[in-house]
**Student:** 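This is the structure I have questions about; it appears just below.
Computed from a predicted model, the values in this text were never measured in an experiment. Excluded from the calculations below are hydrogen atoms, water molecules and symmetry mates; all remaining heavy atoms, backbone and side chain alike, are included.
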Amino acid sequence: MEGQRRYITAEELKEHNKSGDLWISIQGKVYDVSNWAKEHPGGEIPLLNLGGQDVTDAFIAYHPGTAWQYLDKLFTGYHLEDFKVSEASKDYRRLVSEFAKAGMFEKKGHVALFSLTSVALMFLVVLYGVLRCQSVWAHLGSAMLLGLLWMQSAYVGHDSGHYQVMSSRGYNKLAQILSGNCLTGISIAWWKWTHNAHHIACNSLDHDPDLQHIPVFAVSSRFFSSITSSFYGRKLNFDPFARFLISYQHWTYYPVMIVARVNLFVQTFLLLFSKRQVPDRAFNIAGILVFWAWFPLLVSCLPNWPERFMFVLASFAVTSIQHVQFTLNHFSANVYVGLPTGNDWFEKQTSGTIDISCSSKMDWFFGGLQFQLEHHLFPRLPRCHLRKVSPLVRELCKKHSLPYRSLSFWEANKSTIRTLRTAALQARDLTNPAPKNLLWEAINTHG
């Protein structure tokens with residue numbers, strides 16, 4: 001009966017927000033996930049970021065209906081005394097319910113089949129261009145096609161990381177390893193580790209790893225105070241070297257994007273050979289070894305070193321379009337410092353994302369992720385539905401006076417460069433207390 005329920009307040013719940021003592025609330029019921037956190041398929045970081053608060057919206061967004069049955073064994077017996085649901089959250093949950101009733105989370109179309117088929121065909125053409133053609137133009141075309149292949153393969157890995165694109169979990173995991181580790185050289189384990197944290201703490205300067213690019217980039221002057229990354233567990237030092245690089249980041253942005261894959265390769269190795277707990281570590285390492293077997297071998301089949309250099313650079317340059325796209329979705333959006341809060345989860349997603357408007361013919365090219373807000377709100381929704389739900393999301397944002405930003409690819413680039421330039425000029429300000437060095441002084445003495 002209602003009178004026999006035990007209650008705790010939101011303030012009491014907040015006290016259980018650390019590893020080993022981790023409680024959350026879902027629809028007013030309080031659960032102890034202290035021991036479960038290590039086994040959580042999405043990793044421990046999302047639970048730690050939202051620990052000690054109500055996480056209903058995030059739970060609904062990332063879990064299918066079958067997940068609810070596992071909550072009972074974690075129930076503490078407590079209910080949240082001052083549990084309230086915002087009007088925006090009510091409408092958001094209604095949309096999720098409508099999509100579920102319509103079977104949209106299960107209707108995936110044939111996107112995975114088409115994508116994997118196109119990737120396989122592109123790979124065969126690349127092999128033919130390198131191994132059977134002598135023309136430097138054929139080799140250049142093969143390099144550019146390989147870059148496009150990497151983009152499409154990454155989208156398959158992304159989709160399979162958010163929902164099951166294959167007929168079983170085993171085949172889904174195989175698709176992840178093939179499309180990620182084997183074909184692109186980037187570990188799906190690394191991607192899940194960073195991507196889950198990014199989704200939960202979207203555009204939090206100290207909790208979202210996708211914004212933590214010191215010393216190369218800083219999207220906000222708040223990085224100049226050397227904030228601590230809770231994700232990496234270290235201080236993001238704004239030292240003289242970082243200040244120098246960031247002062248010119250609006251000029252170095254595109255060149256850095258061209259070689260951004262190198263950083264992803266490095267991050268993959270750092271994680272897989274670290275002491276961290278990595279799911280399917282051996283499987284991931286095996287996939288990476290496959291990539292580092294075929295890619296160098298393919299490059300070595302080119303006739304000379306200038307062509308080999310051209311091949312690698314051209315393939316990286318084409319793939320950089322994807323790296324640019326991902327940064328356009330967030331770099332110039334609103335940012336904040338601190339933990340995300342469950343009771344404004346919907347609002348945080350709208351604030352921290354920017355859509356890229358384009359023709360439906362470009363959906364394949366952008367992998368559906370040009371609908372970034374729609375993807376963040378409904379991460380389990382197959383990409384074939386994102387364009388359909390976009391008007392509903394826009395209407396919901398308008399109803400609750402929340403931002404819905406959709407820019408053309410060109411305008412999104414301009415917005416990102418403006419953001420980087422603003423931070424760059426702030427970094428150049430010599431009244432900023434960051435320590436100087438002789439190189440800095442020599443370049444900036446006369447402006």
**Student:** Okay, side chain of Lys29, backbone of Leu80: is any donor-acceptor separation there less than 3.5 Å?
**Tutor:**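 No.
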**Student:** Could you tell me whether the side chain of Glu347 and the main chain of Leu402 form a donor-acceptor pair under 3.5 Å?
**Tutor:**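 Checked: no pair found.
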**Student:** So is Arg308 actually on top of Phe311's ring, under 6.0 Å and inside 45° of the axis?
**Tutor:**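 Because its charged atom misses either the 6.0 Å distance or the 45° angle limit, Arg308 does not stack over Phe311.
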**Student:** Aromatic rings Trp294 and Phe291: how do their planes relate, parallel, tilted or perpendicular, breaks at 30° and 60°?
**Tutor:**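 Because their plane-to-plane angle is over 60°, the rings of Trp294 and Phe291 count as perpendicular.
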**Student:** Is a side-chain N or O of Asn203 found less than 3.5 angstrom from the main chain of Asn334, in a donor-acceptor match?
**Tutor:** yes
**Student:** So among Trp191, Tyr155, Phe105, which one has a ring-ring contact (aromatic ring centres under 6.0 Å, His included) with His162?
**Tutor:**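 Testing each of Trp191, Tyr155, Phe105 against His162, the sole residue satisfying ring-ring contact (aromatic ring centres under 6.0 Å, His included) is Trp191.
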**Student:** State whether Arg405 and Asp355 are salt-bridged, where the test is any N-O pair (Lys NZ or Arg NE/NH1/NH2 against Asp/Glu carboxylate O) under 4.0 Å.
**Tutor:**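 Salt bridge absent between Arg405 and Asp355.
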**Student:** Using every non-hydrogen atom in the two residues, find where Leu302 and Glu307 come nearest and quote the distance to one decimal.
**Tutor:**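 Closest heavy-atom pair between Leu302 and Glu307: CD1-O, 3.8 Å.
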**Student:** Any idea how Phe224 and Phe238 line up, ring-wise: parallel (<30°), tilted (30 to 60°), or perpendicular (>60°)?
**Tutor:**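 Correct class here is parallel.
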**Student:** Can you tell me if Asp91 and His400 form a side-chain donor-acceptor pair at under 3.5 Å?
**Tutor:**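 Note: Asp91 and His400 side chains meet the donor-acceptor criterion.
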**Student:** Less than 4.0 Å between a side-chain N and a carboxylate O, is that true for Lys414 and Glu411?
**Tutor:**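 Looking at Glu411 and Lys414, the cut-off is met.
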**Student:** Using every non-hydrogen atom in the two residues, find where Ser408 and Ile356 come nearest and quote the distance to one decimal.
**Tutor:**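 Taking every non-hydrogen atom into account, C-CG2, 4.3 Å.
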**Student:** Before we go on, tell me: are the rings of Phe295 and Trp150 under 6.0 Å apart, centre to centre?
**Tutor:**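 For Phe295 and Trp150, the ring centres are under 6.0 Å apart.
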**Student:** Start with the C-alpha distance between Asp54 and Ser25, add both sets of side-chain angles, then the distance that settles side-chain hydrogen bond (donor to acceptor under 3.5 Å, both in side chains), and finish with yes or no.
**Tutor:** CA-CA 4 Å; Asp54 185 81; Ser25 165; 2.9 Å; yes
**Student:** Can any side-chain N or O of Ser89 pair as donor or acceptor with the backbone N or O of Val85 at less than 3.5 Å?
**Tutor:** no
**Student:** Determine the interplanar angle of the His199 and His195 rings, folded into 0 to 90°, and report it as parallel if under 30°, tilted if 30 to 60°, perpendicular if over 60°.
**Tutor:** perpendicular
**Student:** Whether the Tyr253 and Thr327 side chains hold a donor-acceptor pair (N or O, under 3.5 Å, no angle test) is what I'd like checked.
**Tutor:** yes
**Student:** Check for me whether Lys173 meets the cation-pi criterion with Phe283, that is, NZ or CZ under 6.0 Å from the six-membered ring centre and within 45 degrees of the ring axis.
**Tutor:**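 Lys173 over Phe283 ring: no.
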**Student:** Does a donor on one side chain and an acceptor on the other come within less than 3.5 Å for Asn284 and Ser187?
**Tutor:** yes
**Student:** Which residue, Phe346, Phe99, Phe371, forms the ring-ring contact (aromatic ring centres under 6.0 Å, His included) with Phe378?
**Tutor:** Phe99
**Student:** Report yes or no: is the cationic atom of Arg428 (NZ for Lys, CZ for Arg) under 6.0 Å from the centre of the six-membered ring of Phe244, at an angle within 45° of the ring normal?
**Tutor:** no
**Student:** What is the ring orientation for His376 with His198, classed by angle as parallel under 30°, tilted 30 to 60°, or perpendicular over 60°?
**Tutor:**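 Perpendicular, since the angle between the ring planes exceeds 60°.
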**Student:** More than 12 foreign heavy atoms under 6.0 Å from CZ of Arg421: is that the case here?
**Tutor:** no
**Student:** Is the count of non-hydrogen atoms from other residues, nucleotides or ligands lying under 6.0 Å from Tyr254 atom OH greater than 12?
**Tutor:** yes
**Student:** Could you walk me through whether Lys398 and Glu395 pass salt bridge (Lys or Arg N to Asp or Glu O under 4.0 Å), step by step?
**Tutor:** CA-CA 5 Å; Lys398 182 179 180 181; Glu395 182 182 333; over 6 Å; no
**Student:** Donor-acceptor check, side chain of Arg243 to backbone of Ala427, threshold 3.5 angstrom: yes or no?
**Tutor:**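 At least one qualifying donor-acceptor pair exists.
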